[in-house]
Student: 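Please see the structure below; I have some questions.
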There are 2 protein chains.
Amino acid sequence: MSLTIKDIAKMAGVSITSVSRVLNNKTEGISESTRQRVLKIIEQHNYRPNAIARSMITKNTKTIGLIIPDIRNPFFSDLARGIEDVASESKYSILLCNTDSTLGKIIDYLWLLKEKNVDGMIFACSDPTLNREVHTFVKQNNIPVVIVDRGLEDQMYSGVFIDNEKAAYMATKHLLELSHTRIGCISGPSFIKNSNERLEGYFKAHQEFGVPTDKSLIRVGEYVMEGGYQAAKELLEQTDVTALFAFNDLMAFGVYQAAEELGLKIPDDISVVGFDNLKYNLLLHPKLTTMEQPIYEIGEVATKLLLEQIEEGKSDQIKSVFLDTKLIVRESTKKR
Amino acid sequence: MSLTIKDIAKMAGVSITSVSRVLNNKTEGISESTRQRVLKIIEQHNYRPNAIARSMITKNTKTIGLIIPDIRNPFFSDLARGIEDVASESKYSILLCNTDSTLGKIIDYLWLLKEKNVDGMIFACSDPTLNREVHTFVKQNNIPVVIVDRGLEDQMYSGVFIDNEKAAYMATKHLLELSHTRIGCISGPSFIKNSNERLEGYFKAHQEFGVPTDKSLIRVGEYVMEGGYQAAKELLEQTDVTALFAFNDLMAFGVYQAAEELGLKIPDDISVVGFDNLKYNLLLHPKLTTMEQPIYEIGEVATKLLLEQIEEGKSDQIKSVFLDTKLIVRESTKKR
DNA sequence: TCGAATTAAGAAAACGTTTTCTCAGTAGAC
DNA sequence: GTCTACTGAGAAAACGTTTTCTTAATTCGA
C-alpha cells in the first residue's frame with residue numbers, strides 16, 4: 001500500500017509529529033536541520049499525506065459541491081468551468097451533482113454532500129416546494145452556500161446574480177424601439193425566480209412605451225430547446241406576434257426551429273431576442289440578438305465568495321454580487 | 001456539531017458496535033429487537049454516518065475522478081452526464097477535473113485524486129509525453145482506470161471506444177460516393193490517438209476508390225471551433241477541395257464559419273462532413289451530415305466497467321468495449 | 001443436568017493524520 | 001551556580017467509523 005506518515009517518520013528517524021510539522025509548514029517544535037532531513041525523505045519517496053485522514057481531524061475536505069440541473073446545458077457547463085478554475089487555484093475540487101431540478105435528487109445530493117463533509121456548496125437549482133426544505137437543511141447543518149443564477153430565499157444567502165428585471169427591460173425595449181407592439185414572451189418556469197424577474201422587465205418596458213401587454217402572448221417553456229420550440233410554435237400559429245423574446249438562448253434556438261418549420265423568415269417575418277449569449281449561437285442563421293450575461297464570471301465570483309466564506313468563517317455575512325449584462329444586437333431583430 | 005455514532009449508541013442504550021451493525025445491515029451479533037430500537041433512533045434524529053470516517057477504515061470513498069480536457073466542450077459534458085447518471089445510481093459521486101489537455105494539470109489532478117483516495121478514474125485526456133508518466137503513476141498506485149475516447153496505451157486499460165478507423169472510412173466513403181475526389185481533411189492533434197485512427201480510415205477509403213490522397217489537403221486543428229475555422233480557411237483558400245471532412249462537429253462548426261466568410265455555399269460549393277453528432281448541430285444551416293457516436297452511452301458503459309473493476313476487484317482483467325457509430329446524412333453533402 | 005454450541009453484545013484496536021501535552025536539554029538572567 | 005524560560009522533539013489523544021476479539025447469556029443435545 002501507500003506510504004504513510006509513519007513510514008516517513010521511521011525512515012527519517014523522527015516522530016510522526018515532526019513529519020506532520022514539516023508537512024504543514026509549522027515552524028515551532030522543529031529545527032531547520034530535521035526539517036530538511038524529513039523534506040528530503042518525503043521528496044525521495046514522493047510521499048503525499050492521505051487527505052481522508054487529514055480531513056478526519058481538520059474537519060475540512062477541500063471539496064465543494066456543485067448542484068446544478070444538468071451539466072449538458074451549456075449555461076451550466078460554462079458556469080462549472082468558471083467555478084472549477086478558481087476552486088482549483090485554491091486547491092479545492094468540485095463534486096458534480098446533476099439534479100434535473102428534481103426534488104428527490106436535490107435532497108439526496110444535499111445529504112450526500114453533508115455525509116462527505118464538503119466545505120461548501122454552490123447552488124443553482126430551485127423548486128418552489130423545495131425552498132423551505134433546502135433552506136432548513138442548509139441552516140441546520142450550517143454549510144456555507146452560495147446561490148447562483150436562480151435564487152432560493154435570496155436575502156438568506158450570499159449569491160451572484162444579474163439584474164434580471166433590468167436586462168429583460170432592455171431586451172424588450174430594444175424590440176419596442178423597433179416598433180414591435182405584439183411581442184411574444186417565452187418565459188421559463190414560474191417557480192424559477194429569474195423568470196418572474198424578467199417578466200417584470202418585460203412589463204415595465206411595455207408600460208414605459210405605452211404599449212399594452214397581452215397575457216395570451218406569454219408562454220412558459222422549460223428553459224431548453226424543446227421548451228422554446230413548443231412555445232414558439234403556439235405563439236406563431238395562434239397569435240399575431242411580430243417579435244419573440246425568449247428568456248434564454250436555448251429556447252431561442254427552439255424558436256428558430258419553429259420559425260423554420262412554419263416557413264417564417266427571421267427577422268423579416270419575426271424578430272427574435274434571446275438571453276445568455278451562449279457561444280453556440282454563433283451557429284445560428286441569422287445571428288441571434290441576445291442579452292449577454294457573464295456566465296463563466298458568475299461562476300468565478302461565486303466561488304470566490306464561497307471560499308471567502310469557508311476560509312474566513314464569514315458564513316454569517318451575506319453578500320450579493322450583481323454582474324452586468326449587455327444587449328448584443330445582431331441580425332435576428334429588425335424594424336417592423 | 002453533527003451527531004455521531006456515539007451519540008446514537010448512547011441514546012439507544014447500546015454500544016457503537018451495535019449501531020454500526022445496523023448501519024451496515026449486518027445480521028450477526030444483533031437481535032431484531034435492538035436493531036429496531038437503534039433504527040428508530042437513527043430515523044428520529046436523521047442520523048447519517050460520516051463518510052470520511054467510514055472511508056478511513058473501509059478504504060473506499062465512493063468517489064470517482066473524471067479527467068477531461070474541458071467540460072464546456074459539449075462532447076465532454078454529454079459524456080460526463082452519462083457517467084454521473086450511472087455512478088450516482090450506485091451511490092458514487094464524481095470529482096470533476098478539467099485539464100485543458102495540459103501536462104501539468106493532468107499530473108496535478110492525478111496526485112490530487114490519489115490523495116483523496118478516489119476509488120477509480122475515468123480518463124479522457126492524452127498527451128504524447130504524458131502517456132508514460134500517467135501510466136506509471138496509475139500502475140504504481142494501482143488505481144482502477146477506464147479510458148474513454150482517447151486512449152493512452154490501450155491494451156493496458158479497460159476502455160470504451162468506437163472503431164474510429166471504420167467510422168472515418170464510412171464518412172470518407174460517403175464523400176467519395178458523391179464523386180468528390182479532392183477531400184480536405186481536418187484532423188485533430190496527432191498525439192490524440194483517435195486522430196490517427198480516423199486518418200487511417202480516410203486513407204483506406206481513398207485507396208479503395210482508387211482516388212489518390214494528397215498530404216496538402218490534410219490539416220490539423222485543435223478539436224474546437226476555432227481549430228476547424230483556421231484549418232478550413234486555409235484549405236478553402238489555398239487548395240481545390242470540393243469537400244471537407246472535419247474530425248469532430250466542433251471543427252465542422254468552424255468550417256461553416258470559414259465557408260460563410262469566404263462566400264462559399266454549403267453544400268453547393270463545398271460539402272462538409274462532421275463527427276460526433278452533437279445536439280447543437282441542429283442549429284446549423286444547412287444541417288450537418290455527420291458520423292454519430294453514442295457519447296452519453298460511452299460514459300455509461302465506461303462507468304459500468306469501472307464500477308465492475310472497483311467492486312469486483314477485476315482491475316487485472318482488461319476489457320475493451322466498442323460501440324457503434326452511424327453516418328447521419330443530412331444536407332451538408334451533395335453530389336459534385 | 002451438564003457441557004458444547006450458538007447467539008447477542010460490547011471493548012478495544014485500527015485507519016492515518018493533526019494537535020495537545022509533556023519532557024528533556026540548553027541558553028539566559030541574576 | 002542556580003533558577004527560569006525557551007526550544008526541539010516525542011507520546012498520546014483525538015477524529016468517527018468498522019472490524020476483530022472477547023465475554024456473557026442462552027439454547028441445545030444427550
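Residue numbers start from 1 in every chain, and the chains themselves are labelled A, B, ... in the order their sequence lines are given, proteins ahead of strands.
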Student: Do we see a donor-acceptor contact under 3.5 Å between the side chains of Asn73(B) and Tyr223(B)?
Tutor: no

Student: With a 4.0 Å limit, can you tell me whether Asn50(A) has a side-chain N or O closer than that to the phosphate oxygens OP1/OP2 of dC15(C)?
Tutor: no

Student: Find which nucleotide of DNA chain C each of Ile5(A) and Arg21(A) is nearest to by heavy atoms, and output the residue with the more 5' nucleotide.
Tutor: Ile5(A)

Student: With a 4.0 Å cut-off on heavy atoms, is Thr4(A) in touch with a base, just the backbone sugar-phosphate, or nothing at all?
Tutor: sugar-phosphate

Student: Is any side-chain heavy atom of Leu323(B) closer than 4.5 Å to one of Glu297(B)?
Tutor: yes

Student: Under a 3.5 Å cutoff, is there a donor and acceptor pairing between the side chains of Tyr92(A) and Glu311(A)?
Tutor: yes

Student: Apply side chain to side chain contact (heavy atoms under 4.5 Å, CB included) to residues Ile42(B) and Leu23(B) and explain how you reach the verdict.
Tutor: CA-CA 9 Å; Ile42(B) 288 178; Leu23(B) 245 27; 3.5 Å; yes

Student: Mind calculating the distance between NZ (Lys62(B)) and C1' (dT18(D)) to the nearest angstrom?
Tutor: 15 Å

Student: Counting the atoms with a prime plus P, OP1 and OP2 as sugar-phosphate, which does Ser20(B) contact under 4.0 Å by heavy atoms, base, sugar-phosphate, or nothing?
Tutor: base

Student: Can you tell me the distance, in whole Å, between the NZ atom of Lys59(B) and the P atom of dT19(D)?
Tutor: 12 Å

Student: Is Ser18(B) close enough to dA9(C) that one of its side-chain N or O atoms is under 4.0 Å from OP1 or OP2 there?
Tutor: no

Student: Would you mind telling me which of dT19(D), dG10(D), dT18(C) lies closest to the side-chain atoms of Thr17(A)?
Tutor: dG10(D)

Student: Answer yes or no: does a side-chain N or O of Tyr47(A) lie under 4.0 Å from OP1 or OP2 of dT17(C)?
Tutor: yes

Student: Taking the nucleotide of DNA chain D with the closest heavy atom to each, which residue, Ala53(B) or Lys26(B), is nearer the 5' end?
Tutor: Ala53(B)

Student: Rounded off to whole Å, could you give me the NZ-to-C1' distance for the Lys6(B) and dT18(D) pair?
Tutor: 14 Å

Student: Does Ile52(A) reach a base, just sugar-phosphate, or nothing at all? Heavy atoms under 4.0 Å.
Tutor: nothing

Student: CD of Glu28(A) versus C1' of dT19(C): gap in Å, rounded?
Tutor: 12 Å

Student: Return the value, rounded to whole Å, for the distance between atom CE of Met56(A) and atom C1' of dT17(D).
Tutor: 7 Å

Student: Verify the contact: side-chain N or O of Thr34(B) to OP1 or OP2 of dA9(C), cut-off strictly under 4.0 Å; return yes or no.
Tutor: yes

Student: Tell me the interatomic distance from Ile57(A), atom CD1, to dT18(C), atom C1', rounded to whole angstroms.
Tutor: 4 Å

Student: Are a donor atom and an acceptor atom from the side chains of Ser55(B) and Lys62(B) found within less than 3.5 Å of each other?
Tutor: no

Student: Specify the separation, in whole Å, of atom CG of Asp7(A) and atom P of dC15(C).
Tutor: 11 Å

Student: Expressed as a whole number of angstroms, how long is the span from Ile30(B):CD1 to dA25(D):C1'?
Tutor: 16 Å

